[in-house]
Amino acid sequence: MKHRKDRALSVMVAAPASDAAERRALIDLLAAVAVARGDHVLVVEADLGSADPGNGGLLEVLRGEISFHTASTTDAATGARRLPVGNGQKPVRDAFERENVHRFLSHVAERYDLVLLDGGTLAQNVRIAPLVAAVDRLIVVACGGHTLQDDLVETGRIAAALGNAPFGALLVDGKGATR
């Protein structure tokens with residue numbers, strides 16, 4: 001899937017479990033910078049491990065249970081629109097059907113310039129495979145002096161098996177990983 005200028009660039013950010021804080025901080029930084037330059041940005045929480053039962057979000061939007069507008073909010077810290085993951089206690093299988101994922105990405109691609117998706121730790125999040133395969137780019141985050149090389153290699157292998165090999169990696173120092 002190639003990026004075209006008439007629709008949003010969709011970028012999934014993933015990291016080994018040890019780098020979760022750095023992954024989230026990087027997503028917030030990218031969103032804030034893009035908003036500051038005038039882009040319309042959507043941040044989507046797709047890390048099923050962070051599901052908050054009872055809240056509407058990505059899972060409910062994909063299943064058609066609630067509207068995108070109802071589920072998303074504006075993040076005061078970054079200025080981006082944010083879509084939480086939703087209720088991970090319900091069956092996830094139906095939500096990530098390929099047609100649901102493509103319909104969702106097409107919908108948001110018409111309204112935003114950049115869509116950042118928090119893919120979490122892919123080894124623990126394999127149920128989002130259709131979403132991983134459908135995004136334009138997959139970026140892996142690593143923390144210098146902290147992330148094990150084996151963890152990076154495993155993340156790359158899992159991403160490729162899920163349908164989208166990493167486009168690149170970002171090495172962060174981990175010292176400023178706060179929101």
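Remember, predicted model here, so these are calculated numbers, not experimental data.
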Open item on the list: Applying salt bridge (Lys or Arg N to Asp or Glu O under 4.0 Å), can you list everything that pairs with Asp39, at least two apart in sequence or on another chain?
Closed with: Arg37
Give every donor-acceptor pair under 3.5 Å between a side-chain atom in residues 158-165 and any protein atom, sequence neighbours left out.
residue: Asn164; atom: ND2; partner: Val132; partner atom: O; Å: 3.0
residue: Asn164; atom: ND2; partner: Val135; partner atom: O; Å: 3.0

Counting only pairs under 3.5 Å, give me each side-chain donor-acceptor contact of residues 116-125, with atom names and distances, residues two or more places apart or in other chains.
residue: Asp118; atom: OD1; partner: Arg23; partner atom: NE; Å: 2.5
residue: Asp118; atom: OD1; partner: Arg23; partner atom: NH2; Å: 3.4
residue: Asp118; atom: OD1; partner: Gly120; partner atom: N; Å: 2.9
residue: Thr121; atom: OG1; partner: Ala15; partner atom: O; Å: 3.3
residue: Thr121; atom: OG1; partner: Ala17; partner atom: N; Å: 3.4
residue: Asn125; atom: OD1; partner: Leu48; partner atom: N; Å: 3.1
residue: Asn125; atom: ND2; partner: Ala46; partner atom: O; Å: 3.0
residue: Asn125; atom: ND2; partner: Gly119; partner atom: O; Å: 2.8

Open item on the list: Between Glu45 and Val43, is there a side-chain heavy-atom distance shorter than 4.5 Å?
Closed with: no
Open item on the list: Under the criterion side chain to side chain contact (heavy atoms under 4.5 Å, CB included), I'd like the reasoning laid out for Val11 against Leu114: C-alpha separation, chi angles, the key distance, then a yes or no.
Closed with: CA-CA 8 Å; Val11 179; Leu114 176 63; 4.2 Å; yes
Open item on the list: Can you give me the closest heavy-atom contact between Asp19 and Val141, atom names plus distance?
Closed with: OD2-O, 3.8 Å
TODO: Check side chain to side chain contact (heavy atoms under 4.5 Å, CB included) between Pro84 and all other residues, then give those that pass, not counting sequence neighbours.
DONE: none
Open item on the list: Please find the pair of heavy atoms, one from Gly86 and one from Glu60, that lie closest to each other, and give the distance.
Closed with: CA-OE1, 3.4 Å
TODO: Look up atom CD1 in Ile66 and atom CG in Leu59, then write down how far apart they are to the nearest 0.5 Å.
DONE: 9.5 Å
Task: Asp113 side chain to His40 backbone, donor-acceptor under 3.5 Å - done: yes
Task: salt bridge (Lys or Arg N to Asp or Glu O under 4.0 Å) partners for Glu65, two or more places apart - done: Arg63, Lys90
Task: Side-chain heavy atoms of Leu58 within contact of Phe104, under 4.5 Å - done: yes
- [ ] With sequence neighbours excluded, tell me which residues meet side chain to side chain donor-acceptor pair (under 3.5 Å) with Thr73.
- [x] none
Task: Heavy atoms from other residues, nucleotides or ligands near CZ of Arg98 exceed 12 (cutoff 6.0 Å) - done: no
Open item on the list: Taking side chain to side chain donor-acceptor pair (under 3.5 Å) as the definition, give me every residue that meets it alongside Arg24, ordered by chain and number, with sequence neighbours left out.
Closed with: none
Task: Those residues that, when tested against Ser106, pass side chain to side chain donor-acceptor pair (under 3.5 Å) (two or more places apart) - done: none
Task: With Arg157 via side chain to side chain donor-acceptor pair (under 3.5 Å) - residues at least two apart - done: none
- [ ] Please report the closest heavy-atom contact between Ala95 and Leu62, naming both atoms and the distance.
- [x] O-CB, 3.3 Å
Task: Pairs flagged by ring pair (Phe, Tyr, Trp, His ring centres under 6.0 Å) wherever residues 107-134 is involved - sequence neighbours left out - done: Phe68-His107
Task: Nearest heavy atoms of Asn100 and Asp94, plus distance in Å - done: ND2-O, 3.0 Å
Task: Pairing residues for Thr70 by the side chain to side chain contact (heavy atoms under 4.5 Å, CB included) criterion, not counting sequence neighbours - done: Ser67
TODO: Search all heavy atoms of Thr74 against all heavy atoms of Gly79 and return the closest pair with its distance.
DONE: CG2-O, 4.1 Å
Task: Minimum heavy-atom distance between Pro130 and Arg127, given as atom pair plus value - done: CD-O, 3.9 Å
Open item on the list: Working to the nearest 0.5 angstrom, can you tell me the gap between Leu83 CG and His69 NE2?
Closed with: 12.5 Å
Open item on the list: Taking Asp136's backbone N and O only, do any of them form a donor-acceptor pair with Ser10's side chain (distance below 3.5 Å, no angle check)?
Closed with: yes
